[in-house]
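Just so you know, these numbers come straight off a predicted model, no measurement behind them. The sequence lines fix the lettering, A, B, ..., with proteins before strands; numbering per chain opens at 1.
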2 protein chains.
Amino acid sequence: MTLSLHERIRTDIESAILSGKLAPEDRLPVEHELMQTYQCSRMTVNKALSALAAAGLIERRKGAGSFVGRPHAHSMILDVPDLPVEVAKRGHVYGYQLLVRKLRAAARGNAEEELLAGGRRLLQLDGLHSADGAPLAVERRLVSLAAVPAIAEADLEKEPPGTWLLRHVPWTEAETRISAVPADAEIARLLKTPVGTACLLVERQTWRSSERITAVRQYFLGTAYHLVARFGSSRP
Amino acid sequence: MTLSLHERIRTDIESAILSGKLAPEDRLPVEHELMQTYQCSRMTVNKALSALAAAGLIERRKGAGSFVGRPHAHSMILDVPDLPVEVAKRGHVYGYQLLVRKLRAAARGNAEEELLAGGRRLLQLDGLHSADGAPLAVERRLVSLAAVPAIAEADLEKEPPGTWLLRHVPWTEAETRISAVPADAEIARLLKTPVGTACLLVERQTWRSSERITAVRQYFLGTAYHLVARFGSSRP
DNA sequence: CACCTTAGAATGTATAGACATATGGCGCAA
DNA sequence: TTGCGCCATATGTCTATACATTCTAAGGTG
């Protein structure tokens with residue numbers, strides 16, 4: 001694989017930074033120096049440096065120069081896969097069972113639900129995810145009918161609502177909270193596990209622009225599931 | 001904030017994708033059409049499309065065209081904050097206590113430890129994080145002396161090793177596993193909680209290129225801590 | 001009908017130049 | 001000495017063009 005010139009410039013600088021030859025806050029050669037070094041035009045140098053800046057490795061300041069960025073943006077990519085797909089990838093047979101389907105108003109005094117409902121009704125969907133027939137997770141989901149009227153007619157007996165929503169409703173923003181909680185009586189019964197078992201609790205809300213679409217709480221059997229987040233380029 | 005032209009083209013297409021106007025696999029207008037639409041040169045269009053491709057939102061195929069990417073959408077940004085900073089941000093007083101500091105060889109037969117050690121010794125660091133004096137998390141960390149010889153002389157009594165490493169050792173890749181486990185006897189004793197309490201277990205390994213730097217297991221008191229991941233721009 | 005060739009289309013890379021705009025340091029003046 | 005303004009510096013954006021590379025589809029040939 002022969003690299004193009006701007007890729008070569010980019011990787012040269014990248015490895016200088018990663019190897020420590022260039023330390024954080026160090027100043028990089030200015031564009032005209034790099035033009036001379038690589039005997040190329042300024043646009044080519046610019047493309048390489050812009051890519052590094054977009055990746056967060058360097059910081060460019062108009063009028064001042066280019067500088068190596070502070071150690072790291074401590075943020076990683078968290079894969080939040082579709083459960084059926086993820087279970088299948090691990091070699092198990094995925095199953096879903098709809099437990100509760102209920103059209104109702106937002107609970108009075110529950111600010112979260114009232115924001116989600118937006119004056120109209122909510123669709124509550126409780127369900128159980130399983131792998132090879134064994135319970136994996138139980139979820140309670142609320143969907144805003146104001147935002148997604150079409151879901152009232154969707155067939156959600158076999159297909160989990162998360163998957164349906166993924167395919168039918170584009171969202172622009174989402175927030176996920178991850179914590180560990182003991183299973184209460186109801187969760188324990190559904191997951192066929194003792195009360196108090198450690199569960200991974202995933203709470204997620206999604207928006208389209210500023211309109212709230214759905215909120216979900218998923219309780220995973222702690223020993224049977226984990227999330228993975230990555231930073232970096234490689235791929236195991 | 002007035003956007004530059006290539007930024008405007010980029011955000012226009014971006015919002016068309018996120019709003020669903022452009023579906024995955026859809027073909028984008030070709031560069032010459034966009035030149036006409038925006039009355040600009042091809043380089044400007046190219047810059048916008050290249051940025052979208054770098055971000056993974058679109059895929060460009062030489063000779064064929066540009067296409068909206070597969071919904072790689074559900075990967076989110078997970079903040080992996082420095083614990084002292086995070087605790088302070090929540091308005092508590094952070095504390096750290098080093099429990100064990102031990103230079104040792106990799107455990108025989110433990111492939112993970114042997115890979116990390118790389119033929120040399122490991123530094124084992126066990127410690128307890130607390131907020132307002134109450135135990136928050138216990139961690140066991142192994143650092144490769146082959147990769148980070150300098151840590152042998154570091155003062156790690158007050159400053160947690162994670163913070164020291166963040167400041168002194170650049171890493172290029174990291175992987176985090178998140179799961180929920182019950183506290184065993186030792187963890188429970190250190191966290192001053194009953195055996196079996198639900199704990200959030202965060203396991204992280206970091207590399208510089210292909211050289212392993214450190215591996216850590218952190219047990220968080222489930223009720224006292226949570227992680228947050230986001231997708232999208234705004235939101236508190 | 002199956003296969004090969006080929007022309008056109010679309011992106012990839014690179015050049016040379018122009019003007020815009022933010023920065024920081026130097027020198028001049030109060 | 002201090003403060004202000006100017007200017008050289010460096011990046012930001014954009015143009016117009018050129019040629020390379022790869023894919024697609026049309027059309028011809030056996």
Side-chain angles (χ1 to χ4, degrees), chain A residues 1-18 21-70 73 233, chain B residues 1-17 21-72 233:
Chain A
M1 177 64 180
T2 73
L3 295 179
S4 62
L5 186 47
H6 73 261
E7 283 176 314
R8 212 187 109 211
I9 300 175
R10 191 170 71 81
T11 54
D12 279 359
I13 296 175
E14 197 170 277
S15 46
I17 293 174
L18 295 179
K21 269 199 288 266
L22 286 171
E25 304 291 276
D26 274 4
R27 182 172 184 168
L28 294 171
V30 300
E31 295 190 348
H32 280 94
E33 292 179 65
L34 291 169
M35 286 170 65
Q36 294 244 325
T37 305
Y38 291 95
Q39 285 295 301
C40 65
S41 76
R42 203 185 131 213
M43 278 300 289
T44 304
V45 169
N46 191 283
K47 186 163 190 171
L49 293 180
S50 297
L52 288 168
L57 259 170
I58 70 172
E59 187 189 337
R60 311 197 74 195
R61 290 203 286 277
K62 200 189 291 189
S66 301
F67 305 84
V68 178
R70 271 247 144 267
S233 41
Chain B
M1 177 61 178
T2 72
L3 295 179
S4 62
L5 186 46
H6 74 263
E7 282 177 316
R8 211 186 110 212
I9 300 174
R10 190 170 72 80
T11 53
D12 279 0
I13 297 174
E14 199 170 274
S15 47
I17 293 174
K21 271 199 286 268
L22 286 171
E25 303 291 275
D26 274 5
R27 183 173 184 166
L28 294 171
V30 301
E31 294 190 347
H32 280 94
E33 290 178 67
L34 291 169
M35 285 170 64
Q36 294 246 324
T37 305
Y38 292 94
Q39 287 295 303
C40 66
S41 77
R42 205 186 130 214
M43 280 301 291
T44 304
V45 169
N46 191 283
K47 185 161 189 172
L49 294 180
S50 297
L52 288 169
L57 258 171
I58 70 172
E59 187 188 338
R60 311 196 74 194
R61 290 203 284 275
K62 198 189 288 188
S66 302
F67 304 84
V68 177
R70 276 243 146 272
H72 117 301
S233 39

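- In this model, the phosphate group of dT15(D) is approached by a side-chain N or O of T44(B) to a distance below 4.0 Å at OP1 or OP2.
- Atom-to-atom, CD of E7(B) to P of dC14(D) comes out at 8 Å; the value is rounded to the nearest Å.
- Nearest nucleotide to the M43(A) side chain, out of dT15(C), dT13(C), dA14(C): dT15(C).
- Residue S41(B) has its side chain nearest to dA16(D) when only dC23(D), dA16(D), dA16(C) are considered.
- For dT11(C), the OP1/OP2 oxygens have a side-chain nitrogen or oxygen of S66(B) closer than 4.0 Å.
- Residue R27(A) places its side chain closer to dA10(D) than to any other of dT11(D), dA10(D), dA16(C).
- Side-chain atoms of E33(B) and Q36(B), non-hydrogen and from C-beta on, never get closer than 4.5 Å to each other.
- Between the CG atom of L49(A) and the C1' atom of dG12(D) there is a distance of 12 Å, rounded to whole Å.
- Close to dT13(C), at under 4.0 Å from its OP1 or OP2, lies a side-chain N or O of S4(A).
- Side-chain proximity of L5(A) to dA14(C), dA18(D), dA18(C): nearest is dA14(C).
- Listed pair R60(A) / dG12(D) meets the phosphate criterion, a side-chain N or O lying under 4.0 Å from OP1 or OP2.
- The base of dG12(D) lies outside donor-acceptor range of the side chain of R61(A), with no N or O pair under 3.5 Å.
- Closest to the side chain of H6(A), out of dG12(C), dT13(D), dA14(C), is dA14(C).
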